[in-house]
A.B. asks: 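Take this structure, written in structure tokens, and hold onto it; I'll ask about it next.
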4 protein chains.
Amino acid sequence: MRSRTTPDTPRTGRPRSAEADEAILEATRAALVELGWSKLTMGDVATRAGVAKTTLYRRWANKNELVVDAVAVLFDQLELPDLGSLQADIEHVVLQFAGLLERPETKTALMAVVAESTRDAPLRERIRASIVDRQKRLVLDGRRRAQERGELPSEREPLTADAIDDLIFDVVAGAVVHRALVSAEPVDAQWVARLSALLVGGLGAVAALG
Amino acid sequence: MRSRTTPDTPRTGRPRSAEADEAILEATRAALVELGWSKLTMGDVATRAGVAKTTLYRRWANKNELVVDAVAVLFDQLELPDLGSLQADIEHVVLQFAGLLERPETKTALMAVVAESTRDAPLRERIRASIVDRQKRLVLDGRRRAQERGELPSEREPLTADAIDDLIFDVVAGAVVHRALVSAEPVDAQWVARLSALLVGGLGAVAALG
Amino acid sequence: MRSRTTPDTPRTGRPRSAEADEAILEATRAALVELGWSKLTMGDVATRAGVAKTTLYRRWANKNELVVDAVAVLFDQLELPDLGSLQADIEHVVLQFAGLLERPETKTALMAVVAESTRDAPLRERIRASIVDRQKRLVLDGRRRAQERGELPSEREPLTADAIDDLIFDVVAGAVVHRALVSAEPVDAQWVARLSALLVGGLGAVAALG
Amino acid sequence: MRSRTTPDTPRTGRPRSAEADEAILEATRAALVELGWSKLTMGDVATRAGVAKTTLYRRWANKNELVVDAVAVLFDQLELPDLGSLQADIEHVVLQFAGLLERPETKTALMAVVAESTRDAPLRERIRASIVDRQKRLVLDGRRRAQERGELPSEREPLTADAIDDLIFDVVAGAVVHRALVSAEPVDAQWVARLSALLVGGLGAVAALG
DNA sequence: AGTTAAGCGAGACGGTACGTCAAGTCTTCAG
DNA sequence: CTGAAGACTTGACGTACCGTCTCGCTTAACT
């Protein structure tokens, strides 16, 4: 996750302030909480961070890239402790993810930058690198553990395994986001239990397809 | 789906032009295709529709409400023909939905208005009424047919049935959106087959929870 | 003196506010007094005039054109009452002109726009039309009266007469401006008397050149 | 003409580069020619001179002081060769001065810095010291020679003589500048002949005032 | 048939934010 | 301490849209 343009030869001249970087990202998150994505302005973020607007633009090309970086770090807090069963592991991570999506800074920002990314390839790539791909580890870890426990068969072909991992990732992330943001209904224990049951119950059928 | 502010007393004076309405929505879709949501401007839509800006604002309060109405009608084209099995029905509707999300006007608009709706309750309500709730019919019809065919047990409690319908809706819609817009991977036949297998295979486990 | 772009067909649409025009010019003069030309900003003028910046730019292309219009009207106040002799007439108008140049709004603005006009042909033309050419009337009137009084011979050729009028204009205006702004010395009665004497005394020699 | 801040104790450390000084002034003149005063930037001058911005600011407080120094040296090129008569001497120097004002670097710079000086006393003083007062020598020399030739009486009081010198200076410089920059008409031989005739013819009348 | 109230196109209006640019200062490293 | 490099704060720039308003004109429904 390279958050800014890294100069190739930053030999001479006054170096960029490292404090400014963190102050800006923190100010961005604060502005997202108070104003939401669409009312967040670069000038306001600069003021909050105690920094000039030009300093923002020296580091990030536009609002969306800044917001992605500001929010990305939050997603790295997701963890997958070993709770003893696949179903429990899934429920835990889904609840964690739902908690993250309830935070106003993620709720307002995530969909907005994804929407923008449909027309902005560099942004799409940045989202993928900074957020999406980094969280696939959760699926990989969960599957590996389930195989070690014997809950899932382990002799599958690597290509198929990857495809199923991707499917699970899209289903879990998509379902939670849709529930939370589109349907605007709570992601409570009962809903999580049903989703987990669906996944655990259906995985066998998927694997059987080959 | 009330597409505009309906005046309470439309008694006297010149009536609103019905042609203008459709021209505006069509112009909005065209602008979405060419410019995307974030670069679409009200002035541009008005010009494309051959209409004054005033005329737009007399009918829609702002850009988001207009975009929701312009896009909503596209979602009504989704159908669920009886293909003989639950798995086939699901695969069919998922492919149709994916096709819809690949259209540039929906791709750019859907996530954007949902993002805005996280901070705008009336907009959230309009999205729900114009788009989301209207498509739940697909899940209801599919489930009813599967029960008629005997693929699913029919004696479930109504409340649980509703909850499972909602779950399926969020999983299907969420997964497809996430695959198409976030992961930015193609929703092809193989992926659809795996998703359908997961659902059909998992439904039993979910129903067993009661 | 066309103070703004006059649309050829201002048939439709909301008409421009006439009050805004005068408020802006008045605000410009006030800003010149307080801040001088180089620290005058378009935003500040707009604020003082209680008008949006866009309204300024809709009427004037840039700061210099605005300043020329704001100042031009002041030069129209110069008059040439008949005081009975050429020398007295000259002294009177020179003192009036010096008084005008002592006003802070003219002092700071006149040289600045002339400086800019060396690189901006449209501005040069506007200055000529709005300020310079309009004041040549003073020279014409003064000469005509002197001829009527018999102080100057009247049978000169028109072309030569024009050339001498121009010379007198440049000498009087140039000398006063140079004294006031470059030498920064007072234009007092004694200096004016000497300048007038120089002119009246020298005019015969110039006319003799043919 | 002290062109820069002279450090009182230039004892220790690396000495300032003398070459840099001339490179900067030359770069300033080049920038004036290409861009004019208002578009000349300190950063651009520094780049042209192959020097850091810091180096500029260590020597000149701001853009205007730099420009005055860059241009002042050009005015020192004016000379007053003895051509045998007052009229000829005046015509010669006026043509020289007009030639100087036609150069793009002086044309754009002179009026601009004078305009700025109306609100900036130190700048006014610098202009006076570097440019204005230095050229009064031309008037003094011309007058002295005319007296030696017997074209002008020599027994005048010193104070009156000074005042007349100043008047002539303002009239000549002012008239030429006004003709060249405000009226934007050529300073050709005929115009110069008329101006000279006016002066020579009028001087007697002025001297008669006492 | 005439009145009348709303619709309509046009475009000016007060705002807010944009992204850029230059001024002049500060910080680092190299000599 | 000088000097090059370049990051920094500040503040204005001129533009683009927003959503509102004010015109003069048009149009159908109700007298």
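Atom set for the values below is all heavy atoms of this structure, side chains included, hydrogens, waters and symmetry mates excluded.
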A.B. asks: What about C:Lys53: does its side chain form a donor-acceptor pair under 3.5 Å with the base of E:dG14?
C.D. replies: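 It does not, because no donor-acceptor pair links the side chain of C:Lys53 to the base of E:dG14 below 3.5 Å.
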
A.B. asks: Identify, between C:Gly43 and B:Met42, the residue whose nearest nucleotide on DNA chain F lies closer to the 5' end.
C.D. replies: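 Final value for this comparison: C:Gly43.
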
A.B. asks: OP1 or OP2 of E:dG14 less than 4.0 angstrom from a side-chain nitrogen or oxygen of C:Thr55, does that happen here?
C.D. replies: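 Yes, within the criterion.
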
A.B. asks: Considering heavy-atom distances to DNA chain E, does B:Ser17 or C:Ala18 have its closest nucleotide positioned more toward the 5' end?
C.D. replies: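 The residue whose closest nucleotide sits nearer the 5' end is B:Ser17.
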
A.B. asks: It should be established whether C:Thr12 places a side-chain nitrogen or oxygen under 4.0 Å from OP1 or OP2 of nucleotide F:dC25.
C.D. replies: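 No, outside the criterion.
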
A.B. asks: Does B:Lys63 count as lying over the ring of B:Trp37, i.e. NZ or CZ under 6.0 Å from the six-ring centre, within 45 degrees of the axis?
C.D. replies: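 Geometry flag: set, cation within 6.0 Å and 45°.
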
A.B. asks: Measure from CG on A:Leu35 to C1' on E:dA17 and round the result to the nearest Å.
C.D. replies: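 About 13 Å, once rounded to whole Å.
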
A.B. asks: D:Lys39 has an atom NZ; how far is it from atom P of E:dT20, in whole Å?
C.D. replies: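 D:Lys39 atom NZ is separated from E:dT20 atom P by 19 Å.
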
A.B. asks: C:Arg58 has an atom CZ; how far is it from atom C1' of F:dG14, in whole Å?
C.D. replies: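 So the two atoms are 13 Å apart, to the nearest Å.
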
A.B. asks: Compare side-chain N and O positions of B:Arg14 against OP1 and OP2 of E:dC8 and report whether any pair is under 4.0 Å apart.
C.D. replies: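 So the side-chain polar atoms of B:Arg14 never come under 4.0 Å of the phosphate oxygens OP1 or OP2 of E:dC8.
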
A.B. asks: May I ask you to verify whether the side chain of C:Thr54 and the base of F:dA16 hold a donor-acceptor pair under 3.5 Å?
C.D. replies: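 No pair found.
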
A.B. asks: Rounded to the Å, how far apart are D:Glu65 CD and E:dA23 C1'?
C.D. replies: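 Interatomic distance, CD of D:Glu65 to C1' of E:dA23: 15 Å.
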
A.B. asks: Look up atom CE in D:Met111 and atom OG in C:Ser117, then write down how far apart they are to the nearest 0.5 Å.
C.D. replies: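 Answer for the CE-OG pair, D:Met111 versus C:Ser117, is 7.5 Å.
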
A.B. asks: If I compare all heavy atoms of C:Ala109 with all of C:Val71, which pair ends up nearest, and what's the gap?
C.D. replies: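 So the minimum-distance heavy-atom pair works out to CB-CG2, 3.8 Å.
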
A.B. asks: If you pin D:Asp44 and B:Val51 to their nearest nucleotides in DNA chain E, which one's is more 5'?
C.D. replies: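 Here B:Val51 is the residue nearer the 5' end.
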
A.B. asks: Would you mind reading off the distance between A:Arg16 atom CZ and F:dA5 atom P, rounded to a whole angstrom?
C.D. replies: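 After rounding, the gap between these two atoms is 17 Å.
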
A.B. asks: Supply the atom-to-atom distance A:Arg124 CZ to A:Glu116 CD, rounded to the nearest 0.5 angstrom.
C.D. replies: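 Separation between the atoms: 12.0 Å.
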
A.B. asks: Any salt bridge linking B:Arg59 with B:Glu65? Criterion: basic side-chain nitrogen under 4.0 Å from a carboxylate oxygen.
C.D. replies: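 Salt bridge absent between B:Arg59 and B:Glu65.
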
A.B. asks: Nearest-Å distance, OH (D:Tyr57) to C1' (F:dC8)?
C.D. replies: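 Result: 14 Å.
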
A.B. asks: Grab the CG-P distance between D:Leu56 and E:dT25 for me, whole Å please.
C.D. replies: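 Distance check: D:Leu56 CG to E:dT25 P gives 12 Å.
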
A.B. asks: Whole angstroms only, please: what is the CG-P distance between C:Asn62 and F:dG14?
C.D. replies: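 C:Asn62 atom CG is separated from F:dG14 atom P by 7 Å.
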
A.B. asks: Of B:Pro15 and B:Lys63, whose nearest nucleotide on DNA chain F comes first from the 5' end?
C.D. replies: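 By nearest-heavy-atom nucleotide position, the 5'-most residue is B:Lys63.
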
